[in-house]
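All of these numbers come straight from a predicted model, not from anything done at the bench. Throughout, a chain's letter reflects where its sequence line sits, starting with A, and its residues are numbered from 1. The figures here come from the full heavy-atom set of this structure, side chains too, leaving out hydrogens, waters and symmetry mates.
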Amino acid sequence: MQLELTKDQEMFRRTVRQFLERESPLTKVRELADEPAGFDRAWWRQGAEMGWTAMLVPEELGGGTLSGQGLLDLALVAEEMGRLVSPGALVPVNVVIASIVDAGVGGHGKALEALMAGEAIAAWYDGSGVTASPAGGGYTLDGTAELVEAGADADHLLVTARTGDGLRQFLLPATAPGLTPTRRDSLDLVRRHADIGLDEVRADVDTLVGGDRDAAAAVDRQRQIATVLQTAETAGAIDRVFEFTTQWAFDRYSFGRPLASYQALKHRFADMKMWLEASHATVTAAARAVQERSPHAAELASVAKAYVGDRAAALVQDCVQMHGGIGVTWEHDIHLYLRRVTVNQLTYGTPSDHRRRVADLLAA
Amino acid sequence: MQLELTKDQEMFRRTVRQFLERESPLTKVRELADEPAGFDRAWWRQGAEMGWTAMLVPEELGGGTLSGQGLLDLALVAEEMGRLVSPGALVPVNVVIASIVDAGVGGHGKALEALMAGEAIAAWYDGSGVTASPAGGGYTLDGTAELVEAGADADHLLVTARTGDGLRQFLLPATAPGLTPTRRDSLDLVRRHADIGLDEVRADVDTLVGGDRDAAAAVDRQRQIATVLQTAETAGAIDRVFEFTTQWAFDRYSFGRPLASYQALKHRFADMKMWLEASHATVTAAARAVQERSPHAAELASVAKAYVGDRAAALVQDCVQMHGGIGVTWEHDIHLYLRRVTVNQLTYGTPSDHRRRVADLLAA
Amino acid sequence: MSEDLESYRLAAREWLAANLPTVDGGGARLGSDDEAWQRARELQRILHDGGYAGIAYPKEYGGRGLTPAHQRVFNEESAGYEMPLLLNVPTFSICAPAILDFGTEEQKREHLPAVLRGDEVLVQFLSEPRGGSDLAGAITRATRDGDMWVLNGSKIWSSGAYAADYGICLARTDWEAPKHSGLTMFIVKVHQPGVEVRRIKQVNGDSEFCQEFFDDVQIPASDVLGEVNGGWAVASRLLFHERTAVGGGSPYVSGGHAVARVPEPDLVELARRGGRLDDPGVRELIAESHILRTVAGQLVDRVSAGIRGGAMPDPAASLPRLFSATSNERRIDIALAVAGPAAVIPPAGAPGDLGARYLMRQGGSLGGGSSEMARNIISERVLGMPREFAADKGVPFSQVRQSQTPG
Amino acid sequence: MSEDLESYRLAAREWLAANLPTVDGGGARLGSDDEAWQRARELQRILHDGGYAGIAYPKEYGGRGLTPAHQRVFNEESAGYEMPLLLNVPTFSICAPAILDFGTEEQKREHLPAVLRGDEVLVQFLSEPRGGSDLAGAITRATRDGDMWVLNGSKIWSSGAYAADYGICLARTDWEAPKHSGLTMFIVKVHQPGVEVRRIKQVNGDSEFCQEFFDDVQIPASDVLGEVNGGWAVASRLLFHERTAVGGGSPYVSGGHAVARVPEPDLVELARRGGRLDDPGVRELIAESHILRTVAGQLVDRVSAGIRGGAMPDPAASLPRLFSATSNERRIDIALAVAGPAAVIPPAGAPGDLGARYLMRQGGSLGGGSSEMARNIISERVLGMPREFAADKGVPFSQVRQSQTPG
């Protein structure tokens, strides 16, 4: 949680929290586990109305922020979603929205509109598994886009492809001939990933996002945004886990006194509190840097992911341990959080990937 | 410490301990810090008389063991030396002795005799910084032997050199023309290392150890012996540190009760006790495997070094922490131990080197 | 003696080859269902009839009266054969030994031969929903009623209770005594009126653990194990047997492992599949995992020998316990790091069990007393440090504060 | 206000350029010798005469009466200039603020202007050889004798005491009261009969810390700081100022850092020198170290803002303290791993300070209260968990058990 919120931000956060607590409490999340997409489109539309898809869009395009710093505002949504292990596709939808806006809307106005209205969902692929070959004024795309969040459920796919001349990005409709998504299982109950096969997919020039130039810088920026939102979500998740585990330590008695009175446990809670505050600190710093397009943005985003990725998982596992046997039962909610932070840890770059990224920047 | 000692071993251990406590207590070790070689030759000869140089030599060559398992007996000496951060050159002398014995004594009888009598000291280099070029029936050696224990003080140098046709090992007198040792500083107060320059050093065929065959297997065996003795010494050192730190925790009162009554500290002592026993367990297992020339000897030696190297340093640092400010004063003895275990950790292969070695064996 | 062991080994080898089916690589057949339990009973019957059941149990109670060394020899030989591993913990290595230690002659004759024949499966009823690791804080109550005791309350974390015949159950019988002095241990028939066994689903989908609810369950007075209000002595002994078994040092374990082990993930293979086997960082992780596993085994050997030979006190059994719990946590973290995202979002067709293992990472520290309890035991009973302040010490149990929440 | 700050910044920039020498890269000039202390006093005099001493101290005691924001602005501008950093801790940020909080009008007028002129250096006399982190367990005694107090005993871990003019000294004045209620704080002249200051050599060769021996030292009654037997309130305040300073949040620190920092080892350079800069494992370690340092700074910012804004309680200052202590330990381990054997056995001509740093690795957790104390504070005063049982609570201090060994 950012420490100092404006009044607008405070109110917005409260609104989002109330909405999530009412519309997608953990009982609902458990139910959604059996749904293919893991979330409900009507629910998502309500979120879009609340502003979940507007924060990275300038006012003249129908968007708007609370504080003038859209990414910080959006991080509030991510944190609240983390607190309730919410479903949805906050990261890819907003990354794609930001990409369209950054690149100049061009022919993607209708897609942008649908995404902002919550009528459509987008997926985003930034890996190196797809190649684009020039063909008939446009390109033909081939390969496999692995591990795409919401990949089987999205209406639009922003795909990064390699060419002989750098990277290009294309915004394709999910219905494009030659696109074949295959769902993957996930540890998370409601977050969905798919591998998408691309077999001679035709991509005309008007599907390009950012024009026919190297998209490397755009991809970097997209990754930074994804990292900020993902780590903010994780920070929200561990906030909540730490809250209810601390409460448990006060309520639970062993040998006639509460767990919270045992020094060995107190010290572990102290360490966890430190990890928690440090996680918030680094997420906030990364969000600011990315928002301001600071020259350190890439570095600070990777710092945040490497730190939060590892510490959050350690924190939740330690909280499981604090709960004893009940912490590993299906009935207890803590595993929902452990699933989410673990999936977050390993997607959009593992902590190890991000450490290597930081090293590249340091040794450059 | 091996758990089950024979009566002979028990008595031997007691004798060694009494000798070290009398002749080289920590006050003496502090004095020796100012001596170039870091130890006294007369003291070393007494050790040799006690058997420090005999355990890896068969009876027919004037050696002998206590238990029939010479390396396990010798590990007792190493442990006791660790307990008092003793000076001396136990590892290189015994490695060189074992190498001569293993290879067949040949023309190295006098050197072996002098080493066993404690009249001479040997150094050993197993790195890749020296090349041997055939010349006039023998070889010419060039290069730098880095980080050689007792390198500037030894009378004999067993040097491993690369040829176009595998490795060779030569036993050279320290006086050989073209050998130039340069001392290096060390964190340890009495253990000395040097870099030895080799400039067109003439090595006749009779200086070869193991003949004119590839010495790779011999070097492997030497490394195993070095690792066992070094980790045994470290295990002895942490034994002693754990002893006096535990005592400190009982004696030291804070808020009207002993440190040993604080659960957070008790739990750290429990972890340390676990590391300590695990260290002894893995050292003993490695010593047995190397003694028996088990096919797992190389693996278990590296397992021991990787485990003990890291845990011992962590244990001593944690014990420093338990002592508070006094633990980082020159006056307190604990830094002598920290110096020794740290130098042991990083020489004869770092824990990282040994992990990579284990991985090579696993992935082969 | 050692020649005797050698000939024993050869005879066992021959008998095993002739009487038991072999199993593939991964070791024992896993199972948490009724079929697996049924099969374990059948296998035990085969062992029994062949003279290989209860090798270190006394002859008068259906065992063979041989030494732990004979059992070890047999265990070494039985590697690769299908064995009734499900019966090792708690039946053979925890519950039956406690009956051997504390049972009346009648109890021993009733239960032990049946156990060794595979006819009786035993389970521990110790933990309680509000109790955590404070077993002596039990609030399940037994009230004397003539020749019978009447049991009410609930127990939890009993492994395989649904398949067991009897539970060794700790209940409070005197509320005005301090906590340890008001407990009694009972041998309770599981399948009888008033006992409800509910299986607990765990995050990895297993439902081997159970919770039991007791509603006016009738227990004959002759089924008290040990003394009335002397139940804590029996419970302590159960805990000792449990630590020993989990630490790998029980003389009553039959077959290679105390428990049916889940096969280890092959990190070299995982890294190879991810194209990362040449990465030195990944290689170090793989090695670290192997090193921890190796040292864990070496520590079991050292501590078992130390306790046997008297060089270490019994509670030292907590050392390998703590090591295995903490190193297993680290090793599963390593497996996740080596596998990367495929660990939690497996590609179609790939095995997806690594993520589930990660969710259960704490399993080793929760079963058999937590790592925290192990650290208490090591510091207090191995190193002799002062005991933790217990707010419930010497106080009538009726006045002790209890948890606000079950779980 | 923010325009005021901007013009203040410009003026400071100009003044600094005109009046202070710049220093190279590594930042402040290090020193633990008399010369360095002398230089610090001179520099402080220059600042004072230029109107930049005690920016956030009240005007009536020689300060400038401006806001912490002004001090921060000045600190930002002073980066790269030679500054009297030695005076920051404890003089400016711990001792003088305590005099401001608790001193009589006379004491404030006597000491604070002198401090801000660079004429007085202060030191804390809190820890004792047998005391560890239990500061309230002090057994150094002061006995009233007419208008004077007579001080006997010993203090330790006072940094730079040999160069200081006054020590803020905690002594026991009532042995029949419980520990916290029988303490009094004194302002003790260091260079006077009966005070012996002995420098303590540390493992890295530094001898900045001292031990003091008091033998019938005469203290005028007017030099009591705070109330007689009310010394613990003053000590608590000193500790608060210390946590704040070490955590980076003191408004009284002058210059870029609270303390003169030893330059960080350059891991990229270390790895390059060892030929290991291309090793991915080594690269990850280098990054991990950088990440920890970065997050440490981010946490300082967050917690400072949190305490300033009231979102966090004061004791939250222990969070960045604990982070910096534990992460520095990890970072020095990393430096050692990156450098390999050259860290502890440097080649001829190479710098050999990494090994010495490793020996002092615990420095950060020992100074300013140990990491254990930080964890107690966080769990008890930030999270509100129950306090540790104190065996000396409410007991006349004369009956409290003491350590068997000094140290």
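Each of B/L300, B/T246, B/D360 has some count of heavy-atom pairs under 4.5 Å with chain C, and the biggest count is that of B/D360. With chain B as the partner, the residue from C/L322, C/L292, C/L277 showing the most heavy-atom pairs under 4.5 Å is C/L322. Ranking C/E288, C/R387, C/M312, C/E284 against chain B, the residue ahead of the rest is C/E284, based on heavy-atom pairs under 4.5 Å. Ranked by heavy-atom pairs shorter than 4.5 Å toward chain B, the options C/R272, C/M385, C/E269, C/R283 are led by C/M385. Of all the listed residues (C/V295, C/I286, C/V268), the one sharing the greatest number of non-hydrogen pairs under 4.5 Å with chain B is C/V295.
When heavy atoms are compared at a cutoff of 4.5 Å, C/V303 does not approach chain B at all. Proximity to chain C is absent for every atom of B/D310, based on heavy atoms less than 4.5 angstrom apart. With a 4.5 Å cut-off on non-hydrogen atoms, C/A311 touches chain B through its side chain but not through its backbone.
A salt bridge is absent between C/D266 and C/R273: the closest approach of a Lys/Arg side-chain nitrogen to an acidic carboxylate oxygen does not fall below 4.0 angstrom. Salt bridge annotation for B/E10-B/K7: absent, with no cationic side-chain nitrogen under 4.0 angstrom from a carboxylate oxygen.
Side-chain atoms of B/R240 and B/L84, non-hydrogen and from C-beta on, never get closer than 4.5 Å to each other.
Test B/N344, B/L315, B/V341, B/T234 against B/V308 for side chain to side chain contact (heavy atoms under 4.5 Å, CB included) and you get one pass: B/T234.
In this structure, a donor-acceptor pair under 3.5 Å is absent between the side chains of C/E372 and C/N376.
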Kindly determine whether B/D353 and B/T350 satisfy side chain to side chain donor-acceptor pair (under 3.5 Å), including the steps that lead there. CA-CA 5 Å; B/D353 295 334; B/T350 66; 3.2 Å; yes
